[in-house]
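Only this structure's heavy atoms are used, side chains among them; waters, hydrogens and symmetry mates stay out.
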Amino acid sequence: YYSLPSILEYGWQPELRRELEDEALQFIYSAKSHDLEFNDPYLESYIYSLVNKIVPDALLDNRQYSVNVFIMQDPSINAYCYPNGTIVINTGLLAALHSEAELVAILSHEIAHYVLDHSVVNINKTIEREQRAAFWSAFITGVAAVGDGILASKYTYYQPGVLTGSAAILSSTIAANAVKRLGMEYNYSQENMADEVAQAVLRYLGYDENALATALSRLEDNYVTEKDASLYVNSSTHPSLYRRIRNAGTPSNIHEKKYEQLVSFAITNTAICKFNDRRFKQCLPLVNQNIVNNVATVDDYIIKARCLLAMDNSQSACEEILHTIEKAKELNANKVNIYKTEIMVYLRLEDYTKAIDLLSSYYNAANAEIAKLSENNQDLLYKEYDSFLRKEMDWASNMLIKIRSMSLQE
């Protein structure tokens, strides 16, 4: 451990490492304060179980910090490890992978950067660093400005209380600024070295040695399909994905049901983001995967129905949408946004009698939901939710006038 080139050349540098720890914690604080942490204790526990396989205590006996995990609500395919051992992994990346071995490969790659001290090496090679206090003061101001913009439009499309696609702007802003600041833009040699470590870990733990190649190929497929400007596939910080895949082995197309079930909430989270970005073709396979694996939530069924509504105007599509809505009702018939999707289907079918009945129910459901909210709660989420529901009541009321008029003309 003490033969690491960075320590031999620069010494332990305790003040620098303390500063980096403070800055990593500042990142975590910023992300949490803007509701960007993905809260799934079961998934987090699962990832920690894999981290403990990859990093035995003996490897880090002389490190002040252990490896820890932070799951970010962000649809982009990205993961990175801060200099204090904090691994940030996006829900979008978890959704893009399809086996435990692939996740182990990605985690091993990022942990390798930490164990090999790559960020500290890069910071030492930087000619001039900004003062920490000045940097983070500007950083927090910028994040707050972006956050205000997101809150202004956060609940306009899907439903309040869940992450929207706009929030990815904020998480990407946090990541892009902090990654450069903390020396995590790795060079070609560092990326190759981390890939080699990941392959060695896969062999040692008995996983498929081609899992890294498979994981990288999935990231490449996502990047080609969506042109996602992810840090993980950014050509300025990573070698060519094609070259990395070729060096890592032969990709497969394995789908491990247990893994997909474990990360199902992250898949739903990613689907919501895709839906709010109007990427219906990318969203539908995600929710269908949860449905096939028997772990679909109400949100999965509602999103599927809305995707089909946007993508297909046929009679058969309308029938499938109504079937999907019934599945959602079986899980939670009180979810207010189920009504609106159902209303749109019957309007498309020109069944105005049924649409009028559902519009009345939607109006009453929104009104009942408002009554549940605490009148004294000043939390911004409550205020936004209340505003959303009142707008929906106005919409339902106006639509009732319109549809009743149309039905009388028939």
_Is there a side-chain contact (heavy atoms from CB on, under 4.5 Å) between Met344 and Arg348? Walk through the geometry before answering._
CA-CA 6 Å; Met344 301 312 296; Arg348 181 171 288 183; over 6 Å; no

Here the gap from Leu212 atom CG to Asn247 atom CG, rounded to the nearest 0.5 Å, amounts to 10.0 Å

In this structure, CG of Asp195 is separated from OG of Ser108 (nearest 0.5 Å) by 10.5 Å

Would you please test Leu116 and Val197 for side-chain contact (heavy atoms from CB on, under 4.5 Å) and show each step? CA-CA 10 Å; Leu116 296 171; Val197 170; 4.3 Å; yes

Legend entry - Any Leu107 side-chain heavy atom under 4.5 Å of Val67 side chain: no

Query raised in the report: Side-chain donor-acceptor pair under 3.5 Å between Asn290 and Ser264, yes or no?
Result: no

- Quick one: does His113's side chain get under 4.5 Å of Tyr80's, heavy atoms only? no

If we ignore hydrogens and angles and just use 3.5 Å, is the side chain of Glu44 paired with the main-chain N or O of Ile71 as donor and acceptor? no

Problem set entry | Neighbour count >12 (heavy atoms, 6.0 Å) for atom OH, Tyr204 | no

Would you confirm whether Asn84, through its side chain, and Thr86, through its main-chain N or O, come within 3.5 Å as a donor-acceptor pair?
yes

Between Ala305 and Thr324 the two heavy atoms that sit nearest each other are N-CG2, 4.1 Å

**Request:** Test side-chain contact (heavy atoms from CB on, under 4.5 Å) on Met399 and Ile356 and set out the steps.
**Result:** CA-CA 9 Å; Met399 284 298 293; Ile356 288 171; over 6 Å; no

Between the CD1 atom in Ile370 and the CG atom in Leu389, the distance rounded to the nearest 0.5 Å is 5.0 Å

The reported gap from CD1 in Ile303 to CG in Asn288 (rounded to nearest 0.5 angstrom) is 11.5 Å

> Does Asp357 reach the main-chain N or O of Thr353 with its side chain, forming a donor-acceptor pair under 3.5 Å?
Replying inline: no

Leu93 and Asn78 have their tightest heavy-atom pair at CD2-O, 3.5 Å

Please check if atom NZ in Lys257 has more than 12 non-hydrogen atoms from other residues, nucleotides or ligands closer than 6.0 Å. yes

Q) Less than 4.5 Å apart, any side-chain heavy atom of Leu358 and any of Tyr362? A) no

Q.
Side chains of Tyr301 and Val287, heavy atoms from C-beta outward: is any pair under 4.5 Å?
A. no

Next item on the list: Answer whether the closest heavy-atom distance between the side chains of Ile106 and Glu102 falls below 4.5 Å.
Entry: no

Side chains of Glu260 and Glu256: does their closest heavy-atom pair fall under 4.5 Å?
no

Rounding to 0.5 Å, atoms CZ (Arg306) and CD1 (Ile321) come to a distance of 11.5 Å

(request) Determine whether Tyr82 and Ile87 make a side-chain contact, defined as any pair of heavy atoms from C-beta on separated by less than 4.5 Å. (result) no

With no hydrogens and no angle check, just 3.5 Å: does a side-chain donor-acceptor pair link Asp74 and Ser76? yes

Rounding to 0.5 Å, atoms OG (Ser397) and CG (Leu359) come to a distance of 9.5 Å

(Q) Regarding Asn269 and Gln73, do their side chains bring together a donor and an acceptor under 3.5 Å, going by distance alone? (A) yes

Here the pair of heavy atoms bringing Asn39 nearest to Pro41 is OD1-CD, 3.7 Å

(Q) I'd like to know whether Glu392 forms a side-chain contact (heavy atoms from CB on, under 4.5 Å) with Glu369, so could you lay out the CA-CA distance, the side-chain angles of the two residues, the decisive distance to 0.1 Å, and finally the verdict. (A) CA-CA 11 Å; Glu392 289 302 291; Glu369 194 75 5; over 6 Å; no

Applied to residues 247-268, the ring pair (Phe, Tyr, Trp, His ring centres under 6.0 Å) test, sequence neighbours excluded, yields His98-His255

Between Asn293 (side chain only) and Gln289 (backbone N and O only), is there a donor and an acceptor less than 3.5 Å apart? yes

Using only atom types and a distance under 3.5 Å, with no angle test, would you say the side chain of Glu37 pairs donor to acceptor with the backbone of Phe70?
no

> Does the distance from a Lys or Arg side-chain N to an Asp or Glu carboxylate O, for Lys354 and Glu342, drop under 4.0 Å?
Replying inline: no

key: salt bridge (Lys or Arg N to Asp or Glu O under 4.0 Å) between Arg390 and Asp394, worked out   = CA-CA 6 Å; Arg390 293 180 188 279; Asp394 287 342; over 6 Å; no

Between Leu202 and Ala101, the two heavy atoms sitting closest are CD2-O, 3.6 Å

Heavy-atom closest pair (Asn210 atom, Gly249 atom, distance to 0.1 Å) is OD1-CA, 3.4 Å

Are side-chain heavy atoms of Leu308 and Glu320 found at a separation under 4.5 Å? yes

Closest heavy-atom pair, Thr91 versus Ala266, reported as atoms and distance to 0.1 Å, is CB-O, 3.9 Å

For Glu326, the salt bridge (charged side-chain N to carboxylate O under 4.0 Å, His left out) test, sequence neighbours excluded, returns Lys329

Open item on the list: If we count only N and O atoms by modelled type, under 3.5 Å, do the side chains of Asp300 and Thr297 hold a donor and an acceptor together?
Closed with: yes

